[in-house]
A.B. asks: 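Here it is: the structure, laid out below.
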Number of protein chains: 2
Amino acid sequence: MAENKDRHESEPTAALRESSLRVTKQRVAVLAAVCDHQHADTETVIRAVREILPEVSHQAVYDSLHTLTEVGLVRCIQPSGSVARYERRIGDNHHHLVCRSCNLIVDVDCAVGQAPCLTPSHDAGFVIEQAEVTFWGLCPDCAVSAASSGSTEPASAV
Amino acid sequence: MAENKDRHESEPTAALRESSLRVTKQRVAVLAAVCDHQHADTETVIRAVREILPEVSHQAVYDSLHTLTEVGLVRCIQPSGSVARYERRIGDNHHHLVCRSCNLIVDVDCAVGQAPCLTPSHDAGFVIEQAEVTFWGLCPDCAVSAASSGSTEPASAV
DNA sequence: TTCGCTTCCTTGACTCATTCAAGAAAAGGC
DNA sequence: GCCTTTTCTTGAATGAGTCAAGGAAGCGAA
């Protein structure tokens with residue numbers, strides 16, 4: 001228990017200090033929760049944090065997530081039709097596969113090296129900072145279900 | 001006025017019929033509004049529709065937008081942190097430039113021909129149907145403001 | 001043109017993620 | 001340990017979007 005907690009706290013604590021943020025147990029817990037639950041939505045983060053700090057307010061979690069996003073310790077992604085989701089993997093240029101059926105999100109490395117699709121055919125005069133690529137489709141499980149049920153609809157069971 | 005209205009109604013009407021949808025004045029007006037206001041959010045569409053049909057309900061606009069999206073007459077996009085936005089240009093494989101400062105959205109053609117970034121380095125077993133690419137940056141106006149104010153912050157004036 | 005079935009629209013209430021605001025509590029430099 | 005500043009708690013509010021029921025309109029057939 002204790003060693004588990006220590007393992008979780010040491011890295012987030014160091015990360016907070018490196019970013020010149022005050023180290024509060026709420027922030028440490030939020031950062032650890034995002035580490036443990038990749039692509040978690042805010043509600044999942046709140047539940048995870050409350051396993052360690054039962055009395056934490058949802059506002060503290062929202063504030064922490066915003067602050068951590070601002071300094072770049074976590075990244076916020078929001079596929080169409082989804083609430084905000086957070087991930088700890090940052091800095092590398094990776095993108096996301098999203099399952100249309102079960103909403104599973106999976107990381108994928110960039111297809112074309114470091115700066116993948118960072119070159120639109122015509123940039124309309126924009127100064128481009130970042131390319132965000134989302135692949136929509138069916139995850140392996142849902143694809144199998146759809147195939148075995150003989151249609152592209154997600155299968156209910158069997 | 002009248003000819004303007006006719007010009008707007010004839011194309012949407014035909015499009016609705018081709019998609020086997022009932023032609024209602026609400027749907028015609030919604031489709032025309034999306035044509036006239038590329039990347040409009042729902043509120044903008046409602047306002048535009050009410051210039052023609054002052055009594056239209058917001059629910060009718062929501063329903064129409066959903067139906068039109070379902071049959072593929074319009075496309076719904078939702079950049080992170082933005083509400084749903086709709087566009088009439090569909091079928092081609094184009095992507096979007098979004099200005100971080102003023103939220104302007106501009107279409108860009110696909111960088112790599114027809115199926116641009118449709119090949120992630122590792123597909124994790126997903127059956128991929130579509131790649132959605134969003135380029136984040138600064139539009140020409142905001143880039144100029146930022147440069148002339150000597151920082152990357154959006155300039156307030158001057 | 002009228003009839004009748006089906007789909008669509010209006011009305012009004014509701015959900016839920018997210019934000020706002022004010023005061024209490026905690027972090028961290030001295 | 002003290003004091004200032006930042007952060008957290010509490011509680012209410014906002015706003016995009018959804019749900020549900022009944023009335024209205026589209027459109028194919030007669």
Side-chain angles (χ1 to χ4, degrees), chain A residues 9 12-34 39-50 52-71 73-74 76-86 103, chain B residues 9 12-34 39-50 52-71 73-74 76-86 103:
Chain A
E9 282 192 4
T13 299
L16 289 169
R17 288 198 201 287
E18 275 170 33
S19 298
S20 309
L21 292 178
R22 287 200 176 171
V23 178
T24 67
K25 48 188 189 302
Q26 289 87 348
R27 281 177 180 170
V28 171
V30 167
L31 197 46
V34 174
H39 311 124
D41 59 18
T42 310
E43 202 198 308
T44 302
V45 174
I46 291 176
R47 270 204 306 268
V49 169
R50 285 190 175 153
I52 304 169
L53 300 171
E55 299 305 318
V56 82
S57 66
H58 77 153
Q59 190 61 47
V61 176
Y62 272 98
D63 282 352
S64 298
L65 286 172
H66 285 174
T67 306
L68 295 173
T69 302
E70 228 164 71
V71 301
L73 286 178
V74 305
C76 176
I77 57 176
Q78 250 178 304
S80 287
S82 169
V83 296
R85 290 166 178 276
Y86 295 87
N103 294 315
Chain B
E9 283 193 4
T13 299
L16 288 170
R17 287 197 202 288
E18 274 169 33
S19 299
S20 309
L21 292 179
R22 287 200 175 171
V23 177
T24 67
K25 46 189 190 300
Q26 290 87 348
R27 282 177 179 171
V28 170
V30 167
L31 196 46
V34 174
H39 310 124
D41 58 18
T42 309
E43 201 198 310
T44 302
V45 174
I46 291 176
R47 270 204 305 268
V49 169
R50 285 189 175 153
I52 304 169
L53 300 171
E55 300 304 318
V56 83
S57 66
H58 79 154
Q59 190 60 47
V61 175
Y62 273 99
D63 281 351
S64 297
L65 286 172
H66 286 174
T67 307
L68 294 173
T69 303
E70 227 164 71
V71 301
L73 286 178
V74 305
C76 176
I77 58 175
Q78 251 178 301
S80 288
S82 168
V83 295
R85 291 167 177 275
Y86 295 88
N103 294 316

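It should be emphasised that the depicted structure is a prediction, and the values quoted were computed from it without experimental measurement. Chain identifiers are assigned alphabetically (A, B, ...) following the order of the sequence lines, protein sequences preceding nucleic acid strands; residue numbering begins at 1 within each chain.
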A.B. asks: Quick one: is A:Thr24 getting a side-chain N or O under 4.0 Å of the D:dC8 phosphate, OP1 or OP2?
C.D. replies: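 Answer is yes, contact under 4.0 Å.
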A.B. asks: Considering only C:dC9, C:dT18, D:dG17, which nucleotide approaches the side chain of B:Ser64 most closely?
C.D. replies: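 Selected nucleotide (nearest to the side chain): C:dC9.
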A.B. asks: Roughly how many Å is it from CG in A:Asp63 to P in C:dA22, rounded to a whole number?
C.D. replies: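 The distance from CG of A:Asp63 to P of C:dA22 comes to 15 Å, rounded to the nearest Å.
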A.B. asks: Between A:Leu65 (CG) and C:dA17 (P), how many Å, whole number?
C.D. replies: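 Result: 14 Å.
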A.B. asks: B:Leu21 versus B:Leu68: any side-chain heavy-atom pair under 4.5 Å?
C.D. replies: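 They are in side-chain contact.
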A.B. asks: Could you state the OH-P distance from B:Tyr62 to C:dT15, rounded to the nearest angstrom?
C.D. replies: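 So the OH-P distance, B:Tyr62 to C:dT15, works out to 17 Å.
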A.B. asks: Quick check on B:Glu70: does its CD atom have over 12 non-hydrogen neighbours (other residues, nucleotides or ligands) under 6.0 Å away?
C.D. replies: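 No.
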A.B. asks: Is A:His66 close enough to C:dT19 that one of its side-chain N or O atoms is under 4.0 Å from OP1 or OP2 there?
C.D. replies: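 So the side-chain polar atoms of A:His66 do come within 4.0 Å of the phosphate oxygens OP1 or OP2 of C:dT19, strictly under.
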A.B. asks: Treating B:Ser82 as the side-chain partner and B:Gln78 as the backbone partner, does any N or O pair qualify as donor plus acceptor under 3.5 Å?
C.D. replies: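 Looks like no, no N/O pair under 3.5 Å.
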A.B. asks: Calculate the interatomic distance between B:Ile46 atom CD1 and C:dC9 atom P; express it in whole Å.
C.D. replies: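 Those two atoms, CD1 and P, are 13 Å apart.
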A.B. asks: Counting side-chain heavy atoms from CB outward, which of C:dC9, C:dG28, D:dG17 is closest to A:Val23?
C.D. replies: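 Among the listed nucleotides, the one closest to the side chain of A:Val23 is C:dG28.
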A.B. asks: For A:Thr42 and for B:Val56, find the nucleotide of DNA chain C with the closest heavy atom, then tell me which residue's nucleotide is more 5'.
C.D. replies: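 Counting from the 5' end, the first nearest nucleotide belongs to B:Val56.
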A.B. asks: Using whole Å, what does the distance between atom P of nucleotide D:dT14 and atom CD of B:Glu43 come to?
C.D. replies: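 Those two atoms, CD and P, are 15 Å apart.
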A.B. asks: Is any side-chain N or O of A:Arg17 closer than 4.0 Å to OP1 or OP2 of C:dG28?
C.D. replies: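 Yes, because at least one side-chain N or O of A:Arg17 sits under 4.0 Å from OP1 or OP2 of C:dG28.
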A.B. asks: For D:dG26, take OP1 and OP2 only and decide whether either is under 4.0 Å from a side-chain N or O of B:Gln26.
C.D. replies: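 No, no such contact exists.
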A.B. asks: Grab the CG-P distance between B:Asp41 and D:dA16 for me, whole Å please.
C.D. replies: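 Spelled out: CG on B:Asp41 to P on D:dA16 is 8 Å.
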A.B. asks: A side-chain contact here means heavy atoms from C-beta on lying under 4.5 Å apart; do B:Gln26 and B:Val61 qualify?
C.D. replies: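 The answer is no; the side chains never approach within 4.5 Å.
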A.B. asks: If you assign B:Gln78 and B:Leu21 each to the DNA chain D nucleotide with the nearest heavy atom, which residue ends up on the more 5' nucleotide?
C.D. replies: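 Nearer the 5' end of the strand: B:Gln78.
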A.B. asks: Starting at atom CG of A:Leu53, determine the distance to atom C1' of C:dA26, rounded to an integer number of angstrom.
C.D. replies: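 That distance rounds to 13 Å.
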A.B. asks: Rounded to the Å, how far apart are B:Leu68 CG and C:dC9 P?
C.D. replies: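 Taking atom P of C:dC9 as the reference, CG of B:Leu68 is at 10 Å.
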A.B. asks: Kindly point out which of C:dG12, D:dT10, C:dT10 is positioned nearest to the side chain of B:Ala60?
C.D. replies: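 Nearest nucleotide to the side chain: C:dT10.
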A.B. asks: A:Val61 or B:Arg22: which one's nearest nucleotide on DNA chain D is closer to the 5' end?
C.D. replies: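 That would be A:Val61.
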A.B. asks: When you measure from the side-chain N and O atoms of B:Gln59 to the phosphate of C:dA13, is any distance below 4.0 Å, counting only OP1 and OP2?
C.D. replies: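 For B:Gln59, the contact criterion (side-chain N or O under 4.0 Å from OP1 or OP2 of C:dA13) is not met.
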A.B. asks: Hey, are the side chains of A:Leu16 and A:Leu73 touching, using non-hydrogen atoms and a 4.5 Å cut-off?
C.D. replies: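 A side-chain contact exists here, since the closest heavy-atom pair is under 4.5 Å.
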